[in-house]
Amino acid sequence: MPPKRKRAAPEREREDDTEQPTEVIEEPEGNGQQNDAHERPAGRRTAPATERAEQAAGIARRRAAHFAKFEDAEAEEDGNVHVGGANARTLGPWSSAVELVNARQSAAAARQDKILEAAKAVAARREEAAWTPSRDAALGLRPSASRVSPLLGIALQLLVDHIEDVVSLWGVPDAIKVQLAAAVCARRAMSPAAAQLFAEHAPSEVVLPNCTQLDQEAMQQLLATAASARLESLDLGCCGRGFTDASALALSAAPPGGLPALRRLALQGAYNLSDGALLALLERAPGLLRLAVPQASKFDGTLVSRLPALLPGLQELDLAECRGVPGDVLASALPHMLALRRVTLDGIPEVNDAVLAAVAKLPSLTALSLSMCQTVTDAGVNSVASKAPQLQELAADDCTRLGDGALAALARGCPGLQVLSLRRCAKVTDAGIIAVAERGQLRRLAVGGVPGVGAASAAALARCCGSRLEALDVSFCRGLPEAALGLIVDGCPGLRELRVYGCTQVTDRLVHGHSNDGVTLQGLATSVHAVA
């Protein structure tokens, strides 16, 4: 191992106490915006610590006047409040803390005033809807009737469980087949083989709510089997995958004499179907009374323009979400369909007040649905109400421009209005609801998500519609006090359905305290709070 080297002690070039002269540049007198004093060492050594401290203190004394008050007229004219002056904002953590402490008392007083105002509003709403439970809420759930399933329900459930093993439904009435098909579709078990069971033996009705498992080939086989002179109703839901132009042409060509008995045709979600193919099918069914083709995205207006001449006796037309149909085509064609009684135009952007003015010319119009038509205003509804006094049903969900003016027009012009849906129409208030309720004809009312509905509307419904009201939707109407809901439930003995989704004001006091044993409250899982 090589020997370790010893580190040589460093040689000091100069002694520590040797002082070198320094050159100091004094800062000129002024407003403090000049450069600070700088030290330029004449040699390699700096000034001692005491001398440097004295120099720094001197600089600080000279600049203190500048920091004490900074005057900048140009900055104050520009609106910079941070530069000084009478409107200058106090900066720094201490000043901010003092400001918060001084404002704490006023903020607490403002919060207390707000709480008192809210409490007074709640008390006023409770006074408007005075209601006392007729049953002790502490008793809990009401005694229910026997829950034994009917024999028909048990038999249908057994068939649904073994639908793939069923060979034939010969002899089963068509009404029972419709119920069985709905149960099979709810189980998502409507396979091509199962669908054939409902099309055999020339049925008068083929109603399949969910056809998502049927491709084009399976759909054509189903239609070829079902097509007959006896077929009166064909209702296929979610059929866009299989019901194409080829399927429509195959159905129109299947029976030699056409479809003379067909009265109802519903093709929900037929996004592969065009105007021309459907027209070819409708030519084979001249006696059609109901046509429903919602969500047919390929339609361009050709079908609608030819319907008055092709189906003069058509009574129901559903074009919901057929977004390719132009508004001018609707306005020109609908007034000529004189037999129309029910019209559905939901979700069509082109539907506006001009289209409603054309619809109002229908002499037999009894039901109109225009949900999600955002351009419709009170003027359009006013035109319908003034020219269609026989109107009984109106659905205008999500028509955000509608307000109390539309409801006042309906109350004046449509005294027989029985069904009204205004979900999420935020401009509607108690005044509009009261105007319609005072007619005393409402059977079904939906005002879910309308913040303007309050105790006054509830009192009017209980007073004027108590003997007729059957269903009410007040979901997310949190301005409606629980006492008002109790007044409606007890005051409307015919009420069978009350939807209270999102109504956080509902407690066990209403659920177990009302006297209407026939009503069903829906949405309690999202609303009810136990009474403390």
Side-chain angles (χ1 to χ4, degrees), residues 265 275 278-279 282 288-403 405-422 425:
L265 177 62
D275 296 69
L278 183 57
L279 284 171
L282 296 180
L288 198 68
L289 300 178
R290 179 177 185 266
L291 175 62
V293 282
Q295 302 166 356
S297 56
K298 279 191 174 182
F299 287 179
D300 56 9
T302 305
L303 170 70
V304 177
S305 62
R306 292 188 55 185
L307 278 180
L310 188 61
L311 299 174
L314 191 66
Q315 298 180 1
E316 300 182 25
L317 178 62
D318 184 353
L319 298 173
E321 299 186 49
C322 293
R323 302 178 182 273
V325 179
D328 55 348
V329 174
L330 291 171
S332 61
L334 290 177
H336 300 288
M337 306 176 69
L338 302 181
L340 273 182
R341 300 173 59 87
R342 305 178 67 89
V343 179
T344 302
L345 304 173
D346 298 345
I348 301 180
E350 298 293 331
V351 174
N352 51 24
D353 292 343
V355 175
L356 290 189
V359 173
K361 299 178 182 179
L362 296 173
S364 303
L365 183 67
T366 58
L368 176 62
S369 181
L370 42 94
S371 299
M372 297 181 292
C373 295
Q374 302 288 340
T375 57
V376 171
T377 65
D378 291 351
V381 176
N382 191 8
S383 62
V384 174
S386 60
K387 298 179 181 179
Q390 71 282 357
L391 188 69
Q392 298 179 2
E393 301 179 16
L394 175 64
D397 299 337
D398 297 290
C399 292
T400 55
R401 297 190 179 185
L402 295 185
L407 298 185
L410 290 172
R412 292 192 305 267
C414 303
L417 189 66
Q418 300 179 15
V419 179
L420 181 61
S421 182
L422 300 168
C425 293

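Reckoned from all heavy atoms, side chains included, excluding hydrogens, waters and symmetry mates.
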Nearest 0.5 angstrom please: [X] [atom1] to [Y] [atom2], how far?
X      : Y      : atom1 : atom2 : value
Arg341 : Thr366 : CZ    : OG1   : 4.5 Å
Lys387 : Asn382 : NZ    : CG    : 10.0 Å
Asp397 : Cys373 : CG    : SG    : 10.5 Å
Leu289 : Leu317 : CG    : CG    : 12.5 Å
Ser364 : Leu338 : OG    : CG    : 8.0 Å
Leu391 : Gln418 : CG    : CD    : 10.5 Å

Can you find a pair of side-chain heavy atoms, one from [X] and one from [Y], that are under 4.5 Å apart?
X      : Y      : answer
Thr375 : Pro349 : no
Leu407 : Leu410 : yes
Leu319 : Leu330 : yes

Taking all atoms of both residues into account, what is the closest heavy-atom pair of [X] and [Y], and its distance?
X      : Y      : result
Leu370 : Ala396 : CD1-CB, 3.8 Å
Ala360 : Val384 : CB-CA, 3.7 Å
Cys414 : Ala388 : SG-O, 3.5 Å
Pro415 : Pro389 : CD-O, 4.0 Å
Gly301 : Pro326 : CA-CD, 4.0 Å

For a quick test of your reading: what N or O donor-acceptor pairs under 3.5 Å do the side chains of residues 351-358 make, sequence neighbours left out?
from, atom 1, to, atom 2, distance (Å)
Asn352, OD1, Ala354, N, 3.1
Asn352, OD1, Val355, N, 3.1
Asp353, OD1, Thr377, N, 3.0
Asp353, OD1, Thr377, OG1, 3.4
Asp353, OD1, Gly380, N, 3.4
Asp353, OD2, Thr377, OG1, 2.5

Worksheet item: Do any N or O atoms from the side chain of Asp346 and from the backbone of Ser371 form a donor-acceptor pair under 3.5 angstrom?
Response: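 Side chain of Asp346 to backbone of Ser371: a pair is present.
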Discussion item. Using a 3.5 Å distance criterion without hydrogens, assess whether the side chain of Gln374 forms a donor-acceptor pair with backbone atoms of Arg401.
Written reply: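 Not a single qualifying donor-acceptor pair exists.
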Tell me every residue that passes side chain to side chain donor-acceptor pair (under 3.5 Å) with [X], counting only those two or more places apart in sequence or in another chain.
X      : value
Asp275 : none
Asp318 : none
Gln390 : none

Discussion item. Under the side-chain hydrogen bond (donor to acceptor under 3.5 Å, both in side chains) definition, can you give me all pairs with a residue in residues 320-335, not counting sequence neighbours?
Written reply: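 Matches after skipping sequence neighbours: none remain.
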Set of residues satisfying salt bridge (Lys or Arg N to Asp or Glu O under 4.0 Å) with respect to [X], sequence neighbours excluded:
X      : value
Glu350 : none
Arg306 : Glu283
Arg342 : Glu393
Arg290 : Glu316

Worksheet item: Do any pairs count as a salt bridge (Lys or Arg N to Asp or Glu O under 4.0 Å) and have a residue in residues 359-374, sequence neighbours left out, and if so which ones?
Response: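 Counting only pairs at least two positions apart or across chains, no salt bridge (Lys or Arg N to Asp or Glu O under 4.0 Å) contact touches residues 359-374.
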Could you pull out every donor-acceptor pair under 3.5 Å between side chains of residues 292-300 and any protein atom, sequence neighbours left out?
from, atom 1, to, atom 2, distance (Å)
Gln295, OE1, Gln268, NE2, 3.0
Asp300, OD1, Thr302, N, 3.1
Asp300, OD1, Thr302, OG1, 2.9

Worksheet item: By side-chain contact (heavy atoms from CB on, under 4.5 Å), which residues pair with Leu282, not counting sequence neighbours?
Response: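 Result, side-chain contact (heavy atoms from CB on, under 4.5 Å) vs Leu282: Leu265, Leu278, Leu288, Leu291, Leu303, Leu307, Leu310, Leu311.
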